[in-house]
Number of protein chains: 2
Amino acid sequence: MPQRNGRTSRRDIYLKLRQMVLTLELAPGAALSENELAASLGVSRTPVRESLILLAQEGLVQVFPKIGSFVSRVDPAQVADAQFLREAVELASLNDLPERLDPAVVEELRGNLNRQQCADLDLEEFFDLDEAFHQGLMRLSGHGNVWTTVAAAKGHLDRARRLGLHENVSPAAFAAQHHEIFEAIVGGNVPLARTAMRTHLRAVFSDIERIRAHSPELFATGASTVPVRRNVVVWE
Amino acid sequence: MPQRNGRTSRRDIYLKLRQMVLTLELAPGAALSENELAASLGVSRTPVRESLILLAQEGLVQVFPKIGSFVSRVDPAQVADAQFLREAVELASLNDLPERLDPAVVEELRGNLNRQQCADLDLEEFFDLDEAFHQGLMRLSGHGNVWTTVAAAKGHLDRARRLGLHENVSPAAFAAQHHEIFEAIVGGNVPLARTAMRTHLRAVFSDIERIRAHSPELFATGASTVPVRRNVVVWE
DNA sequence: CGACAGCTGCTTGTATACAAGTACTTCGCG
DNA sequence: CGCGAAGTACTTGTATACAAGCAGCTGTCG
């Protein structure tokens, strides 16, 4: 429900920064600076600062007063929380599927699945399709708006997934699982859809420990991670 | 995970305003003004404004640029969304109960239930106990932090519940249901716990339509609710 | 050489000034 | 009297100035 927004630069900046964090373009642990961002974006500190506050509430950014702002390291605990949340919600939504599915959404999902099978698929495109697919499933059961909450809470999970897929895995396997879930749903076989969904979501989740072993610096440690201010490099 | 905050006035104001909205001390539809709030709180617009932005992201406040800020009317759709979310999460957490429950949490919950049975119980106290009880159940299954996400998303549901209990219902019935759920869990009877939990959550949810018929002005209508700027009363 | 004080340059938090837009009021005109 | 347009008083969005604090460097002194 976009509150009749004339575009404000805050919203633009918030979305841009959020995208950059989720796509790892801004690496976990990277130092942010309200002044730097403001200068590079050509605006004042105010909208940048307000965007960072929003990202901090989502857990994607950590702000330490008088010290600095940093992209959150991927927190395995938060990844597990998001995994639990999305599994609970997506499985429960399968129980609320109506007798007759909305044909428009079904058609949209079919088109989505077709595009997923394209061979030459950018990784970002695949993530967008994946996101749209799962949200579409929620809409089938009338809970499309709940996906917003889930999406907001799964930032750490998404970043972990990207770390995983950046390694070597092909999206093809996931696309096949999507297809299996979809066919079970349109076939009215809810129990099969449930098991397929659970398998799919847990497959996504299973790689994280391997990734963590490979790139530990991107993950939060148990100790209170005290950030280090980067050395200043003066260039002139 | 409080990021080692020296108390900032923003956090204080955010928590205060949030509490006032959730307890209906600030009624749904009420007009807020950054300037008024700043003056009455003895600070500048900045921390007030940043608090309102956070509340707007939670859906508790709506900000219309160049027009005004308003406490969100209770949106039945968002109430239903929150109901679905919490039911999915709380039922799923019952499946993850460990063999041996954490004795400390069990003891805490027992004390909580005892206090719920006190006859002279302020309504706000009951809500606090209710909140702590449900969060405690989530902690039993190791998903205590997920409750944070659920709590953030159920602002509209909470306000609807308060509207309901402000009418005439006694908390005693809910306390009894809490007890039933708890006993089923410590008894290891997960299926019974599930049905008790489901019954409980839906009982909470069932009164909303009655309340809406009684106080429609507190609820959002389907149409895009265009807020009306209140008349200015100058007094001097 | 080592340690400590102060300086420097950055950080975020808060206050304030200005810009742009809306809606109501009111005044002037037909 | 009816009605429109300028005026006014408020709103939020953005830019800027100042306050307070942390970290590291550096110079000085023991």
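Just so it is clear, the model here is predicted, and its values are computed rather than measured. A, B, ... follow the sequence lines: proteins, then strands. Residue 1 opens every chain.
- As rounded to whole Å, 18 Å separates atom P of C:dA20 from atom CZ of A:R10.
- For the salt bridge (charged side-chain N to carboxylate O under 4.0 Å, His left out) condition, the pairs that include at least one residue of residues 137-147 of chain A, sequence neighbours left out, are A:E108-A:R139.
- Side-chain nitrogen and oxygen atoms of B:N35 include at least one within less than 4.0 Å of the OP1 or OP2 phosphate oxygen of D:dT11.
- Between the side chain of A:H156 and the backbone N or O of A:G59 there is at least one donor-acceptor pair closer than 3.5 Å.
- Taking only side-chain atoms of B:S33, from C-beta outward, the nucleotide of D:dG13, D:dT11, C:dG13 with the closest atom is D:dT11.
- Distance CD (B:E34) to C1' (D:dT11): 8 Å, rounded to an integer number of Å.
- In this structure, B:R49 does not reach the D:dT12 phosphate: none of its side-chain N or O atoms is under 4.0 Å from OP1 or OP2.
- Of the possible polar contacts, one joining the B:S51 side chain to the B:R10 backbone as a donor-acceptor pair under 3.5 Å is found.
- For B:N112, the side chain to side chain contact (heavy atoms under 4.5 Å, CB included) partners two or more places apart in sequence, or in a different chain, are B:Q116, B:L129, B:A132, B:F133.
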Nucleotide N/O of nucleotides 15-19 of chain D paired with protein N/O under 3.5 Å:
residue: D:dA15; atom: OP2; partner: A:S44; partner atom: N; Å: 2.7
residue: D:dA15; atom: OP2; partner: A:S44; partner atom: OG; Å: 2.8
residue: D:dA15; atom: O5'; partner: A:S44; partner atom: OG; Å: 3.4
residue: D:dA15; atom: N7; partner: A:T46; partner atom: OG1; Å: 2.7

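- Taking atom CD of A:E50 as the reference point, atom P of C:dT14 lies 13 Å away to the nearest angstrom.
- Taking 4.5 Å as the limit, every side-chain heavy atom of B:E50 sits out of range of all side-chain heavy atoms of B:Y14.
- Rounded to whole Å, the distance from CZ on A:F70 to C1' on D:dC22 is 11 Å.
- Rounding to whole angstrom units, CZ of residue A:R11 and C1' of D:dG13 are separated by 15 Å.
- Between B:I67 atom CD1 and D:dT11 atom P there is a gap of 13 Å when expressed in whole angstrom units.
- At C:dT12, one or more side-chain N or O atoms of A:S69 fall inside 4.0 Å of OP1 or OP2 (strictly under the cut-off).
- When rounded to the nearest whole Å, the span between CD1 of A:I13 and C1' of D:dG13 equals 12 Å.
- B:R7 CZ to B:L15 CG: the interatomic distance, rounded to the nearest 0.5 Å, is 11.0 Å.
- Here the rule is salt bridge (Lys or Arg N to Asp or Glu O under 4.0 Å) with B:D130, and of B:R161, B:R115, B:R162 only B:R161 fits it.
- Summarising the geometry, the separation between CG on B:L37 and C1' on D:dC10 is reported as 15 Å, rounded to the nearest angstrom.
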